[in-house]
Amino acid sequence: MLEHVKQEVLRANLDLVKRNLVILTWGNVSAIDRQTGLVVIKPSGVEYDNMKAEDMVVVDLDGNVVEGRLRPSSDTPTHLAIYRHFPEVGGVVHTHSTYATAWAQAGLSIPNIGTTHADTFHCDIPCTEEMSREQITMAYEAATGDIIADAFVGKDPMHTPAVLVKHHGPFTWGKSADEAVYNAVVLEEVARMASITVALNPKVEMNADLIEKHYERKHGANAYYGQKK
């Protein structure tokens, strides 16, 4: 079932290791098949070196296991909530990459203060609100997805496809699992750059026109970055 999606999700998970975004088993990637409404996700706690496509777990949007002999990632309810809230999303990544997680632990959004940031993310990378005791104790992972959605009220999640969950870490997404991994790579790099920049100049400000120029030249209606497809 969904063998091509399993291959995509396996490749994307292994790419997290290749890109130095995860250590041990601290990360996961999923992808959704919107025609069937089924999600393929990494199994919980399985070493990356030993993972195979057949280890990937297929679940429905209610979290029921449809296929797979292993338990799905413990973050599955968060991934599912993102898919439910953001219908354009095709793939989701969660890591504990160092710099992005540091901003999350500090409870700070990553400001858009450079063209590297603006090339991929239109706005600041938002940090979610503090979770309540009830959210933590009742349905923690699902509630995590809901507070992510709350951080994008009035915003386009596909224009800034990343978020920091306060005290936890980053989630990114895209139209595919591969695109979500790409966004996770960029997020970690801009988090590192922002850390250094703010240390050098805590009062730094960004030119709003420059943000628009760099975002639009890659993602706008008249984008001209790269080659024609």
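The structure places NE2 of H85 at 11.0 Å from CG of L80, a figure rounded to the nearest 0.5 Å. Summarising the geometry, atom CD belonging to E129 is positioned 8.5 Å from atom CD1 belonging to I147; distances are rounded to the nearest 0.5 Å. The OG atom of S73 sits 7.5 Å away from the NE2 atom of H94 when rounded to the nearest 0.5 Å. The structure places OG1 of T128 at 8.0 Å from CG of L164, a figure rounded to the nearest 0.5 Å. Taken from CG in L38 to CG in L61, the straight-line distance is 8.0 Å, to the nearest 0.5 Å. Separation of atoms CG (N20) and OG1 (T98) is listed at 9.5 Å; rounding is to 0.5 Å.
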message: I'd like to know whether R71 forms a side chain to side chain contact (heavy atoms under 4.5 Å, CB included) with V57, so could you lay out the CA-CA distance, the side-chain angles of the two residues, the decisive distance to 0.1 Å, and finally the verdict.
response: CA-CA 7 Å; R71 288 193 298 179; V57 186; over 6 Å; no
- request: Report the C-alpha distance between V59 and V66 in whole Å, list the side-chain angles of each, state the deciding distance to 0.1 Å, and finish with yes or no for side chain to side chain contact (heavy atoms under 4.5 Å, CB included).
  value: CA-CA 5 Å; V59 299; V66 176; 5.7 Å; no
task: Test salt bridge (Lys or Arg N to Asp or Glu O under 4.0 Å) on K6 and E3 and set out the steps.
output: CA-CA 5 Å; K6 291 178 184 176; E3 299 306 318; 3.3 Å; yes
message: Under the criterion side chain to side chain contact (heavy atoms under 4.5 Å, CB included), I'd like the reasoning laid out for Y215 against H159: C-alpha separation, chi angles, the key distance, then a yes or no.
response: CA-CA 9 Å; Y215 186 81; H159 285 186; 3.3 Å; yes
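Panel note: side chain D33, backbone G37; no donor-acceptor pair is recorded below 3.5 Å. Panel note: side chain Q7, backbone A53; no donor-acceptor pair is recorded below 3.5 Å. When atom types are taken as modelled, the side chain of R34 and the backbone of V89 share a donor-acceptor pair closer than 3.5 angstrom. Checking side-chain atoms of E188 against main-chain N and O of Y99 turns up a donor-acceptor pair under 3.5 Å. Q135 places a side-chain N or O within 3.5 Å of a backbone atom of S132 that can act as its donor or acceptor partner. In this structure a side-chain-to-backbone donor-acceptor pair under 3.5 Å is missing from N64 to D60.
In this structure, G114 and M206 approach most closely via the heavy-atom pair C-CE, 3.6 Å. In terms of heavy atoms, A31 sits closest to V5 at CB-CG1, 3.9 Å. Nearest heavy atom pair, residue P72 against residue I41, reads CB-CG2, 3.8 Å. Residues S74 and E141 come closest through the heavy atom pair O-CG, 3.1 Å. Counting all heavy atoms, side chain and backbone alike, A184 lies closest to V93 at CB-CG1, 3.9 Å. Of all heavy-atom pairs spanning G145 and T78, the tightest one is N-CG2, 3.8 Å.
A salt bridge is defined here as a Lys NZ or Arg NE, NH1 or NH2 lying under 4.0 Å from an Asp or Glu carboxylate O, and E189 with R192 meets this definition.
Taking the six-membered ring where the residue is Trp, F171 and H79 present perpendicular rings, their angle passing 60° and hence far from 30°. The aromatic rings of Y140 and H168 lie parallel to each other, their planes meeting at an angle below 30°, with 60° marking the opposite boundary.
The number of heavy atoms from other shown groups lying within 6.0 Å of NZ (K18) does not exceed 12. The environment of F86 atom CZ is dense: over 12 non-hydrogen atoms of other residues, nucleotides or ligands sit within 6.0 angstrom.
You'll find the side chain of C127 stays beyond 4.5 Å of the side chain of W103, heavy atoms only. Residues E67 and M56 form no side-chain contact, since every pair of their non-hydrogen atoms from C-beta on lies 4.5 Å or further apart. In this structure the side chain of V46 never reaches within 4.5 angstrom of the side chain of T25, judged on heavy atoms. Considering only heavy atoms from C-beta on, V9 stays 4.5 Å or farther from S30 through its side chain. Here the side chains of V58 and V39 are not in contact, with every heavy-atom distance at 4.5 Å or above.
Counting only N and O atoms by type, the side chains of N183 and T172 include no donor and acceptor under 3.5 Å apart. Side chains of H117 and D124: a donor-acceptor N/O pair is absent below 3.5 angstrom, by distance only.
Between H122 and the choices E216, E212, H214, the side chain to side chain donor-acceptor pair (under 3.5 Å) rule is met once, by E212. With M193 as reference, T116 is the one residue of T116, I110, I113 to meet the side chain to side chain contact (heavy atoms under 4.5 Å, CB included) rule.
In summary, the aromatic rings of W173 and F121 are positioned with their centroids too far apart to meet the 6.0 Å limit. Here the two rings, on H219 and Y225, have centers that are 6.0 Å apart or farther.
Legend: side chain to side chain donor-acceptor pair (under 3.5 Å) pairs involving residues 41-58, not counting sequence neighbours, sorted by first then second residue: D55-R69.
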